[in-house]
Amino acid sequence: MTSDAPVVIQVERLSAGYDERVVLEELSFDVRRGEVFVILGTSGCGKTTLLRNMIGLEQPLGGRVLIGGDDVVSAEGEARRRLLRRFGVMFQNGALFGSLTLLENVRLPLEEFTRLNNEAIELIARMKLQLVGLQGSEKRLPAELSGGMQKRAAIARAMALDPEILFLDEPSAGLDPVTSAGLDGLILELAGSLGMTFVVVTHELPSIFAIASRVIMLDRERRGIVAEGKPAALRDAPPNDKVRQFFRREADV
Amino acid sequence: MKKSDHTGGSARLDVEGSGNGVVTLRVAGDLTNATVPELWTQAEAALSGDTKRTVVVEAAGVKRIDGAGMAWLLKVGCRATCAGGQVDIRGLAPEYLKLLERFDLTEYRAVQPLVRQAVPVPEQVGRVTAHLWDDFQTHIGFVGELTESLVRALLNPRSIRWRDLFLAAERTGADAVPIVALICCLVGLVLAFQSGMAMRPYGAEIYVANLVTIAMLRELGPLMTAIILSGRSGAAYAAELGTMKVNDEVAALTTMGLNPVPFLTVPRVLGMVVTIPFLTMMGNITGILGGALMFLTLDYPMAAYFKQVLSAAEPRHLLSGLVKSVFFGLTISGVGCMRGLQTARGSSAVGLSATRAVVTAILLIVILDAIFGTLFYFLGF
């Protein structure tokens with residue numbers, strides 16, 4: 001559906017890892033505008049490492065990542081500011097500021113980066129929290145919430161400035177099926193109507209089938225992509241054993 | 001189309017009011033967080049007052065809307081319906097309209113900007129008092145629990161986690177040697193210098209040695225060591241146990257059936273209690289050596305200084321200082337562990353625990369020192 005949409009993220013021959021341990025070798029792929037791009041794979045295959053490299057939190061061992069044409073590692077000054085405003089990130093454990101209430105967490109980026117008045121910021125922050133189903137919990141501190149609620153609040157905070165791209169690290173892990181389905185619906189709606197781009201790291205099969213317009217699957221042994229395509233196509237005609245195992249939930253023999 | 005700027009854009013708002021209670025807001029362009037601040041003020045001006053009216057928003061010319069734009073539309077809706085009127089949004093792209101329908105006007109009508117309410121003074125006083133009382137009770141409870149654990153551990157030495165104890169002893173004892181030595185040396189030097197200046201007119205400089213020796217052995221050696229250790233190790237204990245608490249490691253211990261107090265605090269407390277007399281002893285020696293450094297500048301032979309030191313350094317002075325230091329060590333490590341285990345949730349809680357550990361430890365050390373001073377005086381020790 002979005003094969004002719006402009007490319008927003010380019011990953012070029014990216015190698016990533018920590019010190020001596022190379023986790024990913026020479027990965028290349030593009031993400032297009034409006035896509036829900038899912039990175040999947042078994043635990044420990046480097047999904048989160050790839051994500052952290054894509055948002056510039058880790059220095060790649062080789063290759064580069066461009067978001068909207070700007071290199072995430074070397075961009076400086078105005079280019080860096082523009083780059084950081086382009087995307088929002090939800091970290092695996094939420095990473096909410098523990099000393100601020102949910103509302104204050106969502107307000108923070110709005111207060112720092114816009115000229116909106118207090119009332120407008122309040123309204124926007126409440127709307128974002130309602131979008132993720134957290135109305136009524138605005139005044140609570142992150143520590144008072146369940147893991148799933150913290151995650152949803154983190155998504156609301158990542159969306160505060162309406163970025164073009166949202167990176168979500170394991171958004172539905174630890175969520176109940178109802179909330180998880182609600183979140184999937186929200187992602188589809190935002191991607192479909194507003195043209196937002198999502199890069200989602202997950203290994204929740206129901207969620208993958210619900211939201212993904214395209215997936216890549218990583219593998220620990222091959223240190224790279226073992227499959228790429230639409231999830232239903234990969235499930236119905238798995239190109240290799242790794243993919244079959246993953247989609248059919250077979251254990252390693 | 002001009003070059004797309006993610007945050008920028010421009011918008012235009014025309015207000016048309018007619019006599020029959022209908023206000024039309026014709027909005028065009030980008031409704032983004034860059035343009036909304038102006039639109040917000042314009043809309044507020046156009047819709048001021050509490051008159052009942054119908055607000056028509058002509059949004060056919062809107063190209064792009066973000067969260068701020070949505071909030072603006074909601075605000076306009078709230079303004080209209082608050083006064084019993086109606087809002088009619090026309091020409092908005094269906095996908096935006098669908099998104100807007102997620103929000104219920106009635107829920108947002110009551111939204112008031114964040115205002116922090118001041119707490120009245122009597123309430124503050126009450127809260128602080130209640131908090132202090134709670135804190136005091138926790139102290140007593142913890143002292144009891146720790147004493148019980150220590151007695152049990154000493155009766156059954158096999159139950160002590162020796163590896164943790166040696167690690168704690170190394171970190172609080174051996175690793176603290178340089179800093180304790182440096183600070184005590186400088187304290188001794190300054191003490192000798194100041195008292196030397198005062199005694200010089202009387203020709204009594206030689207008694208500086210007595211003064212430095214007795215002051216270091218009885219008071220400054222134990223006190224300085226204890227203050228350094230509360231900043232260094234007391235805070236570290238609190239931060240370490242606090243992080244364990246935040247990460248649910250303490251909860252994991254409890255569910256395994258291990259009581260965190262004996263398991264975590266006994267090795268740390270014993271580690272510090274065992275090493276603090278040695279550190280104090282070393283602080284005493286470097287303090288006296290610091291005094292000697294000062295003495296070099298006066299025209300006395302070194303031998304005279306040390307002879308005077310030996311005559312002043314009675315065993316009771318040394319002993320009273322070392323006895324105190326053991327109790328200081330017990331206090332610092334106990335308070336550090338207690339504050340750590342009291343840590344609430346969240347990252348700022350760990351910092352708070354470390355701060356409270358240091359403050360409480362220093363306060364208790366000074367109080368203890370005063371009690372010991374009085375006690376020793378009446379015992380003639």
Side-chain angles (χ1 to χ4, degrees), chain A residues 6 8 68 81-87 95-101 103-104 106-107 109-111 113-128 130-133 135-136 138-139 141-145 156 159-165 185-186 189-190 192-196, chain B residues 4-8 30-41 43-44 64-79 93-105 107-116 246-247 343-352:
Chain A
V8 285
R81 204 186 61 83
R82 191 174 59 216
L83 179 79
L84 292 178
R85 288 290 294 273
R86 271 213 156 91
F87 64 82
L96 294 168
F97 302 118
S99 55
L100 304 180
T101 63
L103 196 70
E104 287 165 340
V106 182
R107 283 176 62 106
L110 291 161
E111 285 167 358
F113 293 108
T114 66
R115 295 174 296 119
L116 294 161
N117 64 27
N118 196 16
E119 192 190 356
I121 289 177
E122 179 86 6
L123 207 55
I124 297 169
R126 279 175 185 271
M127 289 167 78
K128 299 293 177 193
Q130 196 195 330
L131 270 184
V132 295
Q135 62 272 40
E138 291 92 350
K139 297 274 162 70
L141 289 169
E144 300 166 358
L145 301 175
M159 291 195 311
L161 291 170
D162 298 281
E164 287 173 73
I165 308 165
L186 176 69
E189 193 173 327
L190 293 173
S193 60
L194 303 184
M196 268 173 89
Chain B
S4 144
D5 175 5
H6 173 52
T7 53
D30 301 312
L31 290 185
T32 63
N33 55 37
T35 58
V36 165
E38 281 74 35
L39 294 180
W40 199 278
T41 358
E44 272 202 326
R64 201 154 55 96
I65 296 188
D66 70 0
M70 287 285 168
W72 184 81
L73 286 173
L74 207 61
K75 163 82 184 165
V76 170
C78 287
R79 262 335 256 262
E95 62 262 27
Y96 292 134
L97 210 54
K98 199 172 149 217
L99 204 58
L100 192 64
E101 277 165 8
R102 277 174 164 266
F103 306 104
D104 186 1
L105 268 187
E107 249 180 68
Y108 288 90
R109 225 184 275 166
V111 169
Q112 292 299 320
L114 204 64
V115 181
R116 287 184 208 285
V246 170
N247 289 341
T343 305
R345 304 210 71 106
S347 45
S348 53
V350 177
L352 198 66

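Below, chains carry the letters A, B, ... as their sequence lines are ordered, and counting in each starts from 1.
Note: B:Leu99 leads B:Leu74, B:Val36, B:Leu99 in heavy-atom pairs under 4.5 Å with chain A. The greatest number of non-hydrogen atom pairs below 4.5 Å with chain A, out of B:Ala349, B:Ala68, B:Pro94, is found for B:Ala68.
Separating the CG atom in A:Leu123 from the CZ atom in B:Phe103 is a distance of 9.0 Å, to the nearest 0.5 Å. Rounding to the nearest 0.5 Å gives a distance of 9.0 Å between CG of A:Asp162 and OG1 of B:Thr32. The OG1 atom of A:Thr114 lies 5.5 Å from the CG atom of B:Asn33; values are rounded to the nearest 0.5 Å. Considering CE of A:Met127 and CG of B:Leu73, their distance stands at 8.0 Å, rounded to 0.5 Å.
A:Leu131 touches chain B through backbone and side chain together, each having a heavy atom under 4.5 Å away. Interface residue A:Gln135: only side-chain heavy atoms are found under 4.5 Å from chain B. Both the backbone and the side chain of A:Leu186 have a heavy atom closer than 4.5 Å to some heavy atom of chain B.
For the pair A:Ile124 and B:Ala71, the tightest heavy-atom approach, listed with the atom from each and the gap, is CG1-CB, 3.3 Å.
Look at B:Glu38 and A:Arg115 and you find a salt bridge, because one of the NZ, NE, NH1 or NH2 atoms lies within 4.0 Å of a carboxylate O, short of that distance.
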